[in-house]
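Report on the following structure.
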Amino acid sequence: TTDPDLRVADEKLIAQTVQHYGSREKASVAFVGNGFAYYGRDDLANAMRRFNQAWLLDPNNPEVYFGFAVVLHDKGGNCEAVKQFEKAASFGKYVRGMTPDAARVLVLCAVGDKSLSAEARAALFARSDALYTEALAQEPDKGYVHGSLATAMYWRGKYEEAWSEVKLARANGGRFPEQFLRLLREKMPEPS
């Protein structure tokens, strides 16, 4: 930053956290954890502040970009969140557990951005499908992956596929908010 006061504050934060944690990388990991704790309490402002501090400490920490992505998603910035998920993946692979979240946000970007061409929308859907395939092959929490896929299918207007994923999620310990199930039932009754 060009603001000397902010630069001094940043340098102080770096010095104090390195002294406490032993390295910038370890401090960044701790700040990401703190950011997700705030995120879990739906305190998006403090979550983003911690993710920004984690980035300041280590811009090569992919979990920082995962944090940016989930906050942007929750604020309705799905296409901006896609960019952050992709930045996180640019470090070699998605952070464990991030793949289904990235896949769902790709769908939300595709259906939400009316300025996208049909080709761009199809590319986002194809990327999402590939990530869900990867997640189902690698993720240990299949209930979560199938649940995420159920919501993605809902947003794509594929209600029968959404119900199939609901069934698979439930079989793998997944749970759904009643609000989602109500929305899905409004589009298509639950198959018996």
> So, the side chain of Lys187 versus the backbone of Tyr154: is there a donor-acceptor pair under 3.5 Å, distance only?
Replying inline: no
>> Given 3.5 Å as the limit, does a donor-acceptor pair link the side chain of Lys158 with the main chain of Trp155, or not?
In response: no
Report yes if some heavy atom in the side chain of [X] is under 4.5 Å from a heavy atom in the side chain of [Y]; otherwise report no.
| X | Y | value |
| --- | --- | --- |
| Val145 | Tyr132 | yes |
| Asn52 | Phe68 | yes |
| Gln138 | Thr99 | no |
| Arg24 | Ile14 | yes |
| Val29 | Glu25 | no |
| Arg156 | Val107 | yes |
| Trp55 | Ser28 | no |
| Trp163 | Leu168 | no |

If I compare all heavy atoms of [X] with all of [Y], which pair ends up nearest, and what's the gap?
| X | Y | value |
| --- | --- | --- |
| Ala88 | Met98 | CB-CE, 3.6 Å |
| Ala103 | Ser128 | O-OG, 2.8 Å |
| Ala81 | His73 | CB-N, 3.9 Å |
| Arg104 | Ser148 | NH1-OG, 3.0 Å |
| Asn78 | Cys109 | CB-N, 3.9 Å |
| Ala169 | Gly147 | CB-N, 3.6 Å |

>> Using the side-chain contact (heavy atoms from CB on, under 4.5 Å) criterion, which residues pair with Ser117? Sequence neighbours excluded.
In response: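 By the side-chain contact (heavy atoms from CB on, under 4.5 Å) rule, Ser117 matches Glu119, Ala120.
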To the nearest 0.5 Å, tell me how far [X] [atom1] sits from [Y] [atom2].
| X | Y | atom1 | atom2 | value |
| --- | --- | --- | --- | --- |
| Arg50 | Asp43 | CZ | CG | 9.0 Å |
| Glu160 | Glu165 | CD | CD | 12.0 Å |
| Met48 | Asp74 | CE | CG | 10.0 Å |
| Phe176 | Leu183 | CZ | CG | 13.0 Å |
| Asn61 | Phe51 | CG | CZ | 10.0 Å |
| Thr17 | Leu57 | OG1 | CG | 4.0 Å |

> Any link between Leu108 and Leu116 through a network of hydrophobic side chains (Ile, Leu, Val, Met, Phe, Trp, Tyr) touching at under 4.5 Å?
Replying inline: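 Different hydrophobic clusters.
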>> Let me check something: do Val70 and Val82 share a hydrophobic cluster, defined by ILVMFWY side-chain heavy atoms less than 4.5 Å apart, either directly or through other members?
In response: yes
> Under the side-chain contact (heavy atoms from CB on, under 4.5 Å) criterion, do Lys75 and Leu44 qualify, and how do the steps go?
Replying inline: CA-CA 8 Å; Lys75 290 183 171 189; Leu44 300 183; 4.0 Å; yes
> Do we see a donor-acceptor contact under 3.5 Å between the side chains of Asn46 and Arg49?
Replying inline: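 A pair is found: one side chain offers a donor N or O, the other an acceptor, under 3.5 Å apart.
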>> Just by distance, no angles: are the side chains of Tyr39 and Asn34 close enough, under 3.5 Å, to form a donor-acceptor pair?
In response: no
> After noting the C-alpha distance and the side-chain angles of Asp58 and Val64, does the key distance pass the side-chain contact (heavy atoms from CB on, under 4.5 Å) rule?
Replying inline: CA-CA 8 Å; Asp58 182 10; Val64 168; over 6 Å; no
> Among pairs that include at least one residue of residues 168-186, which meet salt bridge (Lys or Arg N to Asp or Glu O under 4.0 Å), considering only residues two or more places apart or in two chains?
Replying inline: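 Every pair satisfying salt bridge (Lys or Arg N to Asp or Glu O under 4.0 Å) with a residue in residues 168-186: Arg170-Glu190, Glu178-Arg185, Arg185-Glu190.
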> Under a 4.0 Å N-O cut-off, is there an ion pair linking Arg7 with Asp10?
Replying inline: no
> Mind checking whether Phe66 and Phe85 have parallel, tilted or perpendicular rings, split at 30° and 60°?
Replying inline: tilted
> Phe91 vs Tyr65 aromatic rings, parallel, tilted or perpendicular, using cut-offs 30° and 60°?
Replying inline: parallel
> Knowing that exactly one of Lys26, Glu63, Gln53 qualifies, which makes a side chain to side chain contact (heavy atoms under 4.5 Å, CB included) with Phe31?
Replying inline: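 Of the listed options, the one satisfying the test is Gln53.
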